[in-house]
Colleague: 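Right, I'll just put the structure down here and ask away after.
If you're wondering where the values come from, they're calculated on a predicted model, not measured in any experiment.
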Amino acid sequence: MKAIALFSGGLDSCLAIKIIQEMGIEVEAVYIETGFDSNLNKKEFLQNTANEIGVNFTYIDEREHFIEEILFKPKYGYGKNMNPCIDCHANMINVAYDYMKKIGANFIVSGEVLGQRPMSQKIDGLKKIEKLVKEPEIVVRPLSAKLLPPTLAEINKWIDRDKMYDISGRERKIQMELAKKFGLKNYESPAGGCLLTDRNFSLKLKNFIKDNKLDIEDIDVLKVGRHLKVNDKIVIISRNKDENPILKEYKGNKFLKMYPIGIAGPVGLIQKDSNEETKKLASQILLTYTKAKEGIVGINGKNFNVNSLNSKEDIKKYMIF
């Protein structure tokens, strides 16, 4: 008997796995990548966490399908920001279902807690998810199972309903007690998670898609940097040395890279179709974030000899976020 667990690396998904493991079921942890997690090192973190809880880990890249079919046309709309939570959860279950069938597993495990999240984890949200998934009766939610109708795994006696829980709401006291019981330490804080629920990120995304088609290569650069609108063109400038590599490694076709030459400082991106005036102004802005008053900024093989602006205050009128 084998189960596929939707694995986020958070405490609830780890607990759901441990509860099912204790019943003698083999569990494989599956992470379905949509591209919008706030943790830039998510895959490595999940592999380490899976190793600690003793499960095999599988990574499924769902970014292209998520962008093309779900993000901008969710059947059940958005939450407060750009988060299509109901459609996203249903899609994850369907992807896990296909993988479950492929490897011959028997059911799906989810760490969802009834009433914990306002959109997708209330009863009406779960019912909407059921309408979108291929086989809703094979999804087991061990932390709230006793508050929900019996699933196929319970009806067939593959797992014991009495060994599951009736947790609901946002209080996490029971989960913390279970974490101690199972010795869980390496899990993500609930403060992180999906950037589509974040107001500032959602505004950056909305601004980006006004004039651009979102591709996989664009997602990571939307997560970092100062975002500016210079003569109606998007300019992104790194905020620290940790963000420099992310902008340097951009492989899409919408932006050109900007570098201060011979000066320590940030890396930037500027929209490819920007004119010379815009490139020069963007170069001045980038130089203002260095210690130099004047210098050279390279953009796509062309150098711009520029002076910095008077102060970083002068940049505020261009700033989006």
Side-chain angles (χ1 to χ4, degrees), residues 3-32 34 36-39 41-42 45-57 79 83 85-86 88-90 92-93 96 107-127 129 136 138-151 153-154 158-198:
I4 299 300
L6 294 172
F7 187 49
S8 69
L11 178 57
D12 292 339
S13 68
C14 293
L15 290 174
I17 289 171
K18 297 304 290 185
I19 291 165
I20 297 300
Q21 279 182 321
E22 279 213 327
M23 298 185 210
I25 304 293
E26 179 187 353
V27 182
E28 182 171 339
V30 174
Y31 178 67
I32 297 162
T34 64
F36 295 94
D37 196 280
S38 59
N39 185 348
N41 299 307
K42 185 74 172 187
F45 170 80
L46 289 171
Q47 183 63 71
N48 291 336
T49 304
N51 291 343
E52 287 192 16
I53 61 177
V55 290
N56 289 329
F57 170 63
N83 47 312
C85 295
I86 289 172
C88 181
H89 278 254
M92 287 183 180
I93 291 169
F107 61 97
I108 295 169
V109 177
S110 171
E112 292 163 289
V113 172
L114 190 64
Q116 188 179 83
R117 298 187 186 277
M119 189 172 181
S120 62
Q121 293 183 13
K122 290 188 175 180
I123 285 291
D124 61 335
L126 294 179
K127 287 180 178 177
I129 289 171
I138 55 94
V139 182
V140 177
R141 298 175 173 91
L143 294 171
S144 296
K146 290 181 178 179
L147 301 173
L148 299 168
T151 60
E154 295 162 78
W158 300 338
I159 57 175
D160 188 345
R161 185 176 178 87
D162 291 336
K163 293 181 179 178
M164 295 190 285
Y165 293 83
D166 57 357
I167 304 172
S168 66
R170 301 179 68 85
E171 171 64 49
R172 297 175 66 78
K173 181 180 178 181
I174 299 174
Q175 286 99 312
M176 299 310 295
E177 290 172 354
L178 287 171
K180 289 181 181 178
K181 172 187 172 183
F182 292 123
L184 298 177
K185 296 178 181 178
N186 185 32
Y187 53 83
E188 276 191 328
S189 162
C194 180
L195 285 169
L196 295 171
T197 65
D198 180 80

Colleague: side-chain contact (heavy atoms from CB on, under 4.5 Å) between Val139 and His89: does it pass, once the steps are laid out?
Modeller: CA-CA 12 Å; Val139 182; His89 278 254; over 6 Å; no
Colleague: In chain order, what residues pass the side-chain hydrogen bond (donor to acceptor under 3.5 Å, both in side chains) check against Ser144, with sequence neighbours excluded?
Modeller: none
Colleague: Applying side-chain contact (heavy atoms from CB on, under 4.5 Å), can you list everything that pairs with Ala50, at least two apart in sequence or on another chain?
Modeller: Phe7, Val55, Phe57
Colleague: Tell me the closest heavy-atom pair linking Ile20 and Phe107, and the distance in Å.
Modeller: CG2-CZ, 4.2 Å
Colleague: Would you please name every residue forming a salt bridge (Lys or Arg N to Asp or Glu O under 4.0 Å) with Lys181, sequence neighbours left out?
Modeller: Glu22
Colleague: Taking only residues two or more places apart in sequence, or in another chain, which ones meet Gln47 in a side-chain hydrogen bond (donor to acceptor under 3.5 Å, both in side chains)?
Modeller: Asn51
Colleague: With sequence neighbours left out, what residues match Asp37 under salt bridge (Lys or Arg N to Asp or Glu O under 4.0 Å)?
Modeller: Lys42
Colleague: What pair of heavy atoms forms the shortest contact from Asn41 to Asn39, and how long is it?
Modeller: N-OD1, 2.8 Å
Colleague: I need the minimum non-hydrogen distance between Asp160 and Met23, along with the two atoms involved.
Modeller: N-SD, 3.3 Å
Colleague: Output all residues satisfying side-chain hydrogen bond (donor to acceptor under 3.5 Å, both in side chains) with Asn48, sequence neighbours left out; order by chain, then residue number.
Modeller: none
Colleague: With sequence neighbours excluded, tell me which residues meet side-chain contact (heavy atoms from CB on, under 4.5 Å) with Leu184.
Modeller: Leu11, Cys14, Leu15, Lys18, Ile53, Ala179, Phe182, Tyr187
Colleague: How long is the straight-line distance from OG of Ser38 back to CG of Asp198, given to the nearest 0.5 Å?
Modeller: 9.0 Å
Colleague: Where is the tightest heavy-atom contact between Arg161 and Leu148, given as atom of each residue plus distance?
Modeller: NH2-O, 2.7 Å
Colleague: Determine the minimum heavy-atom distance between Ala29 and Ile17, stating which atoms define it.
Modeller: CB-CD1, 4.1 Å
Colleague: In chain order, what residues pass the side-chain hydrogen bond (donor to acceptor under 3.5 Å, both in side chains) check against Thr151, with sequence neighbours excluded?
Modeller: Glu154
Colleague: The criterion is salt bridge (Lys or Arg N to Asp or Glu O under 4.0 Å); which residues satisfy it with Glu26, sequence neighbours excluded?
Modeller: Lys2
Colleague: To the nearest 0.5 angstrom, please state how far the CG atom of Leu195 sits from the CG atom of Asn83.
Modeller: 11.0 Å
Colleague: Restricting to side-chain contact (heavy atoms from CB on, under 4.5 Å), what partner residues turn up for Lys185, sequence neighbours left out?
Modeller: none
Colleague: Quick one: closest heavy-atom pair of Asp12 and Gly111, and the distance?
Modeller: CB-O, 3.2 Å
